[in-house]
Amino acid sequence: MLELKFIRNNPDVVRADLTKRGGDDEKLAWIDDLLEKDIQSRDMQIDINTMRNRRNIISREIKEAKKAKQDISGFLEEAKSLPAQIREAEAALEEVNGKIKFYQMRIPPNILHESVPVGADDSENVEFKKWGEPVVPSFPLRNHGELAVEKGLAEFERAAKISGAGFYMLKGNLALLDLALQHLALDVLGERGYTPVIPPYMMNRAAYEGVTDLGGDFENVMYAIDGEDEFLIATSEHPPMAAMYMNEIFDEKDLPLKLAGVSPPCFRREIGSHGIDTRGLFRVHQFNKVEQFVYCKPEDSWALHEELLKNSEDIFQMLGLPYRVVNICTGGDIGTVAAKKYDMEVWMPREEAYREVVSCSNCTAYQSVRLNIRARDAHDFENKYPPLHTLNSTAVATTPDDSGHYGKLSGRGRHGCHPPRSPAALHERRRDSLILIFSGSCEGVKKLNTFFRLFHFPDIFKMTRR
RNA sequence: GCCGAGAUAGUCUAGCCCGGAAAGGCGGUGGCCUUGAAAGCCACUGGUGUUUCACCUCAGGAGUUCAAAUCUCCUUCUCGGCGCCA
């Protein structure tokens, strides 16, 4: 959410942003009401403080009188009446503050960066970067899920039997690939100064509400643990990585703080239905992900936004997956939290379309204000606690990645190996075998053996890499 | 899960029994001094506000009271001891 102080001092900026997003009159009216309530609230606070002041003074007088062995009954009469008055005024104030908070949490959204394009919906997102050559299949492709089952790399029916629709089992090389992709992302990010974090997979309601406003939808989006005040996390960046520092103050010297959150697994109830590949690995109840998360000083956040995107791009380039990057427009899926958001969309040959697999956002101060996370600036006494900026970007979400690989692979059908798109990069990292495993047959076998050896002996693996 | 002891500012700690303005050390910031630095000395160092002043704050919440870090109850977490368990 935006700082109250900011809204109070810059109502026109807030209104202009709502208008840019195509905001309606109702929301603009809410802003006016919010500003009015803010004035009211501060007046009430002053009244309350005056009464508290009086109470404190009387208390002190009683103390002094008792010390001097004087009669205190004269003071007690007024003293006894005050607490009730104060309580009443406090209750009234709380009601007004509750409304302010309500508005503050729902409107206004974050102030958009000037480079965010205006558009009605996702079709008007602006593509500004493309890498790799999308494969256009010359014959009908098979569903990646089917193919995986056929090759003994996944199970859907047995997963459904024990867990329900939307679940899967990864087997054999596919299970290993899933882990290897996470490992790859952590290696790349680790070299670049990101600290790997494995967070708890459950979070209590209070912490979750600090992170995101799900309203009444809480139970529909997330899995709740019966009999416990715990929810399975839906993603790693918001819940643990953002909430872990809530109500804390950073020392300037600790910024920027760069984290690589490993969230096996993320749990989601809502997965929707996605056309031809509904069955498979693209949208599931449970998936694995490595997420970049950064806390930084405001002046650094735009450069870091580009850095996060570059990290994600580098990983996808190592994997040889063609993708494009779009700048999400005002009517797209930009949400209320991000000031600017890039999506990386990977090419899905079967659908002959780019599909979102990475979402990279600069949330500026919006999240940190809501979570009450601040930075201490010892040198700036005017603005002792400048707002902190937060950013997040997917590094890999493994099942969507798998699906991308499979899309590519299914284009080759049973005709054999497909050379990695970026062999040099992969070879350097000894990751080429991964892609070859995916090609599913013949010449890949030798490299596959190499992969197993390396994978099962991570120390040797590290030595070979250097 | 049971029993016991705890939670005080960036950090370490005093205050709690016996209710009456949160004391001090370290660390940090600024200043004096110095060619420069160290040492020493001085000031500031929980939060908010309409900032000579006021209010809030002692893990969180509720209660008793004119008045709660302090008394009572509940919750959370930490540390011991016991039990259970991969």
Side-chain angles (χ1 to χ4, degrees), chain A residues 1-9 11 34-98 100-101 104 198-211 224-231 239-240 243-255 257 295 297 365 368-388:
Chain A
M1 64 191 186
L2 297 178
E3 279 183 295
L4 204 48
K5 209 189 293 176
F6 178 87
I7 302 172
R8 185 186 302 145
N9 296 335
L34 189 156
L35 290 167
E36 202 175 297
K37 290 263 182 332
D38 177 45
I39 292 168
Q40 202 182 332
S41 159
R42 285 188 293 158
D43 285 345
M44 291 166 87
Q45 187 67 58
I46 289 163
D47 287 346
I48 289 172
N49 282 353
T50 309
M51 283 190 272
R52 283 170 173 169
N53 181 222
R54 180 73 196 137
R55 179 194 60 195
N56 292 346
I57 288 169
I58 292 182
S59 275
R60 259 169 268 160
E61 282 171 347
I62 290 173
K63 184 181 80 171
E64 295 303 323
K66 276 174 103 170
K67 218 187 248 174
K69 309 252 187 238
Q70 288 167 359
D71 179 35
I72 59 165
S73 57
F75 294 122
L76 277 182
E77 197 177 324
E78 186 184 358
K80 276 182 195 292
S81 71
L82 273 169
Q85 286 177 40
I86 292 172
R87 250 196 300 276
E88 201 177 311
E90 280 172 342
L93 175 65
E94 203 161 311
E95 203 187 317
V96 173
N97 283 345
I100 290 173
K101 192 89 183 188
Q104 207 185 347
I198 298 182
Y201 306 145
M202 297 180 202
M203 242 170 56
N204 62 37
R205 183 183 281 262
Y208 230 119
E209 280 176 343
V211 184
I225 306 295
D226 194 26
E228 303 277 341
D229 178 34
E230 299 285 354
F231 295 83
M244 66 190 283
Y245 289 107
M246 80 195 261
N247 298 321
E248 294 193 33
I249 298 175
F250 274 94
D251 271 333
E252 211 185 341
K253 65 175 163 55
D254 297 328
L255 298 172
L257 181 70
Y295 292 93
K297 292 191 273 183
S368 58
V369 168
R370 179 170 186 138
L371 288 162
N372 190 28
I373 300 173
R374 292 174 292 175
R376 189 188 310 278
D377 187 341
H379 302 279
D380 184 356
F381 289 100
E382 287 300 305
N383 187 21
K384 241 167 128 183
Y385 299 103
L388 203 59

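Each chain gets a letter, A, B and so on, in the order its sequence line appears, and its residues count up from 1. We use all heavy atoms of the structure for the numbers below, so side chains are in, but hydrogens, waters and symmetry mates are not.
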(request) With sequence neighbours left out, write down each residue that passes salt bridge (charged side-chain N to carboxylate O under 4.0 Å, His left out) with E78(A), or none if nothing qualifies. (result) R54(A)
(message) Please give the distance between the P atoms of G27(B) and U11(B) as a whole number of Å.
(response) 16 Å
(message) Using whole Å, what does the distance between atom C1' of nucleotide A67(B) and atom CE of M51(A) come to?
(response) 17 Å
(message) What contact category does I62(A) fall into here, base, sugar-phosphate, or nothing, at under 4.0 angstrom with non-hydrogen atoms?
(response) base
(message) Please give the distance between the P atoms of U51(B) and C66(B) as a whole number of Å.
(response) 34 Å
(message) Between P on U48(B) and CD on E3(A), what's the gap in Å once rounded to a whole number?
(response) 10 Å
(message) Can you work out whether K66(A) or D43(A) has the more 5'-proximal nearest nucleotide on RNA chain B?
(response) K66(A)
(request) Could you tell me the separation between the CZ atom of R374(A) and the P atom of G10(B), rounded to a whole number of Å? (result) 10 Å
(message) Give me the distance, rounded to whole Å, that separates A59(B) from A9(B) when you measure between the C1' atoms they each carry.
(response) 13 Å
(message) Taking 4.0 Å as the cut-off, does a side-chain nitrogen or oxygen of R55(A) come that near to OP1 or OP2 on A21(B)?
(response) no
(message) Measure CZ/R87(A) against P/C66(B) and give the value in whole Å, please.
(response) 11 Å
(request) Would you kindly give the CE-to-C1' distance between M246(A) and G60(B), to the nearest whole Å? (result) 12 Å
(request) Between G60(B) and A7(B), how far apart are the C1' atoms? Round to whole Å, please. (result) 11 Å
(message) Here's a test of your reading of the structure: between R42(A) and Q45(A), which maps to the more 5' nucleotide of RNA chain B?
(response) R42(A)
(request) Could you tell me whether D47(A) contacts a base, only the sugar-phosphate backbone, or nothing, with contacts defined as non-hydrogen atoms closer than 4.0 Å? (result) nothing
(request) Can you figure out which of A21(B), C66(B), G49(B) approaches the side chain of K63(A) most closely? (result) A21(B)
Strictly under 3.5 Å: I want the nitrogen or oxygen pairs between protein and nucleotides 51-54 of chain B, one per line.
{"unit_1": "A54(B)", "atom_1": "O3'", "unit_2": "N53(A)", "atom_2": "ND2", "d": "2.9"}

(request) Using the P atom on both, measure G19(B) against C26(B) and round to a whole Å. (result) 33 Å
